[in-house]
Amino acid sequence: MESKAPVLINAVPPYGHVIASEKWRNTSLIQHLKGGGVKIIFENELGVSDFHLPNKSCILYISECDIIAGNSYKRKLVRYRNAGSSFQELVLVENTRLSEQYFSAVQKFVLFDLGLTLLPVSGQTEASQLITQIVHGESRENPFKRRSSSRLLDPLVLALVQQVPGVGRVKALALLQHFSSIHQLCNAAPAELESIVGQAAAQQIHSFFHKPTTADN
DNA sequence: ATGTGTCTACG
DNA sequence: CGTAGACACAT
C-alpha cells in the first residue's frame with residue numbers, strides 16, 4: 001500500500017502556524033489555539049496525524065471516546081507510527097475521569113509496544129495550551145522535540161516502569177540507566193535483567209512483557 | 001510518612 | 001542456612 005500524498009504528509013507549517021486536519025475545524029481545541037495567537041492551516045490530506053507543528057513534530061490525538069470505545073485507537077496508533085514521517089511523533093492522550101481506568105493500558109501500548117512519546121492531557125483545552133507552547137517556542141527546554149523517545153529519563157516513563165510488578169522506585173531507575181531504549185528493556189534477556197534487579201524481579205519483568213496478550217481488556 | 005512482608009546479598 | 005539490609009507495596 002503506497003501512500004498517495006507523501007508530500008503533504010511531510011509538510012512543515014510556517015512559524016507560528018499549525019497544520020490541522022480538517023476534522024478539527026470548529027472544535028474547542030482550534031478555538032483555543034486561535035485565542036492563543038496560533039494560526040491554523042486546515043488540510044485534509046494529513047494522513048493519520050491530527051496536527052503538524054513548525055518544530056517538525058506531529059501529533060496524534062487520542063480522545064477519551066477513542067479510549068473507551070475500545071480497540072480502534074490501537075490501529076490508528078500503529079498506522080501513525082508506520083507512516084514513518086521525518087517528524088517527531090507525539091501522542092496526546094486524554095486522561096480524564098472516564099478514561100483513567102484505561103490510561104495505563106494506553107500508556108503501555110504507546111510507550112512499550114510502539115516506542116512513541118506520550119503526553120497526557122486533561123482535555124482539548126490543556127492540549128491547546130501544550131500546542132501553543134510548542135508553536136511559540138515558549139519553553140526553551142522542550143522535552144518533546146528533543147529525542148525524548150530514546151532519552152527516557154522523563155518522569156512518565158519512570159512511573160510506567162514502576163507499574164511492572166516487582167519493580168519500584170529503585171529498580172525502575174536502575175533499569176532505565178542500563179537500557180537506552182524502551183524496546184531494549186522489553187526484549188531484554190532474563191539473564192540481563194537478573195544482573196540488574198535480581199532473580200525474582202527479573203522473572204516478573206520478563207513475564208510482564210512476554211505475556212499472553214499485550215492488550216488487557 | 002510509616003510499617004510490614006519479601007527479596008537480595010553476604011557471612 | 002541464617003541474618004541484615006534493601007526493596008516494594010499498602011497503610
Side-chain angles (χ1 to χ4, degrees), chain A residues 60-74 76-78 80-81 88-123 125-127 129-130 133 139 141-217:
Chain A
L60 182 69
Y61 193 90
I62 307 288
S63 70
E64 64 179 7
C65 295
D66 293 327
I67 297 171
I68 295 167
N71 20 6
S72 63
Y73 76 86
K74 290 191 176 180
K76 230 167 38 170
L77 278 164
V78 170
Y80 182 56
R81 190 183 192 316
Q88 164 73 22
E89 294 158 315
L90 308 176
V91 181
L92 263 55
V93 178
E94 282 186 353
N95 188 12
T96 65
R97 290 288 304 272
L98 285 177
S99 68
E100 69 182 343
Q101 56 175 320
Y102 307 106
F103 185 75
S104 68
V106 179
Q107 254 190 136
K108 201 172 118 188
F109 187 69
V110 171
L111 269 110
F112 285 151
D113 297 341
L114 264 35
L116 295 171
T117 303
L118 184 144
L119 275 31
V121 293
S122 62
T125 302
E126 192 180 327
Q129 291 165 359
L130 196 57
Q133 280 194 353
S139 54
E141 39 193 299
N142 258 337
F144 328 127
K145 67 181 173 187
R146 295 272 168 183
R147 46 248 165 143
S148 66
S149 59
S150 51
R151 283 272 159 238
L152 31 90
L153 252 140
D154 71 84
L156 201 87
V157 180
L158 188 65
L160 183 54
V161 174
Q162 287 182 49
Q163 288 181 12
V164 178
V167 176
R169 202 179 59 90
V170 175
K171 285 174 180 170
L173 215 69
L175 288 167
L176 291 183
Q177 283 169 2
H178 187 272
F179 295 102
S180 51
S181 83
I182 307 234
H183 285 85
Q184 285 179 32
L185 174 55
C186 298
N187 302 325
E192 194 173 6
L193 294 170
E194 198 169 321
S195 67
I196 307 169
V197 296
Q199 184 244 338
Q203 205 155 13
Q204 290 185 87
I205 295 169
H206 188 263
S207 304
F208 180 84
F209 289 121
H210 299 86
K211 255 283 172 93
T213 63
T214 316
D216 30 4
N217 286 334

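Computed from heavy atoms alone, side chains included, the values below leave out hydrogens, waters and symmetry copies. Reminder, nothing fancy here: chain letters follow the sequence lines and each chain counts from 1.
- Side-chain atoms of A:Tyr80 come within 3.5 Å of backbone N or O of A:Leu90 as a donor-acceptor pair.
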What protein N or O atoms touch nucleotides 9-11 of chain C N or O atoms at under 3.5 angstrom, if any, and at what distances?
unit_1 : atom_1 : unit_2   : atom_2 : d
C:dC9  : OP1    : A:Gly166 : N      : 2.7
C:dC9  : OP2    : A:Val167 : O      : 3.1

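- Between A:Leu173 atom CG and C:dA6 atom C1' the separation is 15 Å, expressed in whole Å.
- Taking a heavy-atom distance under 4.0 Å as the criterion, the stretch of DNA chain B touched by chain A extends 5' to 3' from B:dC7 to B:dT8.
- Salt bridge present: A:Asp66 and A:Lys76 bring a charged side-chain N and a carboxylate O closer than 4.0 Å.
- Residues satisfying the side chain to side chain donor-acceptor pair (under 3.5 Å) test with A:Gln184, not counting sequence neighbours, are A:Ser180.
- Residues meeting the side-chain contact (heavy atoms from CB on, under 4.5 Å) test with A:Glu194, sequence neighbours left out: A:Gln199, A:Ala202.
- Note: CD1 (A:Ile196) to P (C:dA8) measures 14 Å, nearest angstrom.
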Enumerate donor-acceptor pairs with a distance under 3.5 Å from any side-chain N or O in residues 91-103 of chain A to protein atoms, sequence neighbours excluded.
unit_1  : atom_1 : unit_2  : atom_2 : d
A:Glu94 : OE1    : A:Glu64 : N      : 2.7
A:Glu94 : OE2    : A:Tyr61 : OH     : 2.6
A:Thr96 : OG1    : A:Glu64 : OE1    : 2.5
A:Thr96 : OG1    : A:Leu98 : N      : 3.3
A:Thr96 : OG1    : A:Ser99 : N      : 3.2
A:Thr96 : OG1    : A:Ser99 : OG     : 3.2
A:Ser99 : OG     : A:Glu94 : O      : 2.8
A:Ser99 : OG     : A:Thr96 : N      : 2.9

Quick one: side chains of residues 163-174 of chain A, donor-acceptor pairs under 3.5 Å with protein atoms, not counting sequence neighbours, listed by atom name and distance.
none

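- The side chain to side chain donor-acceptor pair (under 3.5 Å) test applied to A:Glu126 returns A:Ser122, not counting sequence neighbours.
- Counting to the nearest Å, the P atom of C:dA8 and the NZ atom of A:Lys171 are 5 Å from each other.
- Residues passing the side-chain contact (heavy atoms from CB on, under 4.5 Å) test with A:Glu192, sequence neighbours excluded: A:His178, A:Phe179, A:Ala188.
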